[in-house]
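For ligands, and for the atoms within them, numbers begin at 1 and follow the listed sequence.
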Amino acid sequence: MKPPKRLFLGLFLFVSILILSLLLYFGYSIYSPNLAIIRYSFIAIVVLLSSVSFFSLLAFGYMFLSILKGISLPFLNRLAEKSVTFLYPYILQLGRLLHITQDKIQRSFIEVNNKLVESRKMQVAPNELLVLLPHCLQNNNCLYRVTGDPYNCHHCGRCVLDPVLNLLVKRQVNVRIVTGGTIARKAVKMFKPKLILAVACERDLSSGIIDSFPIPVWGLLNHRPHGPCYNTSVSIDALNEILNKILKPEEPLAQSLLCDCASFWCGR
Ligand code: SF4
């Protein structure tokens, strides 16, 4: 079952309104203190809170419309990304106060993020996409080191990397199997992708999405039937479905390249 997007959006709105309330409080307090220094500090706080509150409410409205109507505007995309990056730690804190688990908020955030990425209707060439996979997809007893080079996999079929890598090689996309954020950042620097498709757990995906701004990241959660970070798995159908959405359709071979001579020896 997909996590509800409204959880993250609700918390986002709550934090924005909280900032607005602080703004009103400080705005009101400007008139009470006698000391000029306190008054000026309050004015500075009011100006700061007004900007944060204005932009976060604008970002909320935009994200809401984007998810509902699929609207995408480059300037507002940036604003939504910046606001989410800024408010994300406060949203997690608020969730903790309200006894909402971090996983739940992060799942909701990933859903909201994916919807925003989808609303951009981006389609990239295979070499413009980077697929990042977590190393825990590999069978724990496997002797082959796939983190440096995914092509070291011998396709023995003991873990999900076998069909996953088959699919990714077929789609000719860049792929890296990573052990953490540092290696993932290195891969992003190396491939300079226009779009990232990342498979990971809630925590790694949400921090990866925020770290990678402004490069959009489509996040896909892994399955953890044996607990976290151990022999995890991922849905091949979901992966394929996302690839179909974000990869440009393959162009048919130009007619001029097709040979119509009937020679048996002709290799074309
Ligand atoms: S499929 Fe590849 S990575 Fe998985 S256990 Fe076999 S050789 Fe190792």
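- In terms of protein heavy-atom proximity, atom 2 (Fe) of ligand 1 is closest to Cys153 SG, 2.4 Å.
- Side-chain atoms of Arg224 and Asn222 form a donor-acceptor pair, as typed in the model, at a separation below 3.5 Å.
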Next item on the list: Please test Val117 against Leu195 for side-chain contact (heavy atoms from CB on, under 4.5 Å), starting from the C-alpha separation and ending with a verdict.
Entry: CA-CA 9 Å; Val117 175; Leu195 184 61; 4.1 Å; yes
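- Distance from atom 7 (S) of ligand 1 to its nearest protein heavy atom, with residue and atom name: His154 N, 3.3 Å.
- Close approach of ligand 1 to Gly157 (heavy-atom distance below 4.0 Å) involves ligand atoms 1 (S).
- Looking at Leu18, Leu20, Ile17 one by one, the single match for side-chain contact (heavy atoms from CB on, under 4.5 Å) with Ser53 turns out to be Leu20.
- Among protein heavy atoms, the minimum distance from atom 8 (Fe) of ligand 1 is reached at Cys142 SG, 2.3 Å.
- Set against the non-hydrogen atoms of Gln138, the atoms of ligand 1 under 4.0 Å away are 3 (S).
- Using a 4.0 Å cut-off between charged side-chain N and carboxylate O, Glu111 and Lys104 make no salt bridge.
- Val217 approaches Ala198 most closely through the heavy-atom pair CG1-CB, 4.0 Å.
- Near Tyr144, meaning under 4.0 Å from one of its heavy atoms, ligand 1 places the atoms 7 (S).
- Atom numbering of ligand 1 starts at 1 in the shown order; those under 4.0 Å from a heavy atom of Asn139 are 5 (S).
- Looking only at atom types and distance, the side chain of His155 has a donor-acceptor partner in the side chain of Asp162 under 3.5 Å away.
- Given atom 6 (Fe) of ligand 1, the protein heavy atom at minimum distance is Cys156 SG, 2.3 Å.
- With hydrogens and angles left out, the side-chain atoms of Arg158 and Asn140 include no donor and acceptor closer than 3.5 Å.
- Taking atom 4 (Fe) of ligand 1 as the reference point, the nearest protein heavy-atom neighbour is Cys159 SG, 2.2 Å.
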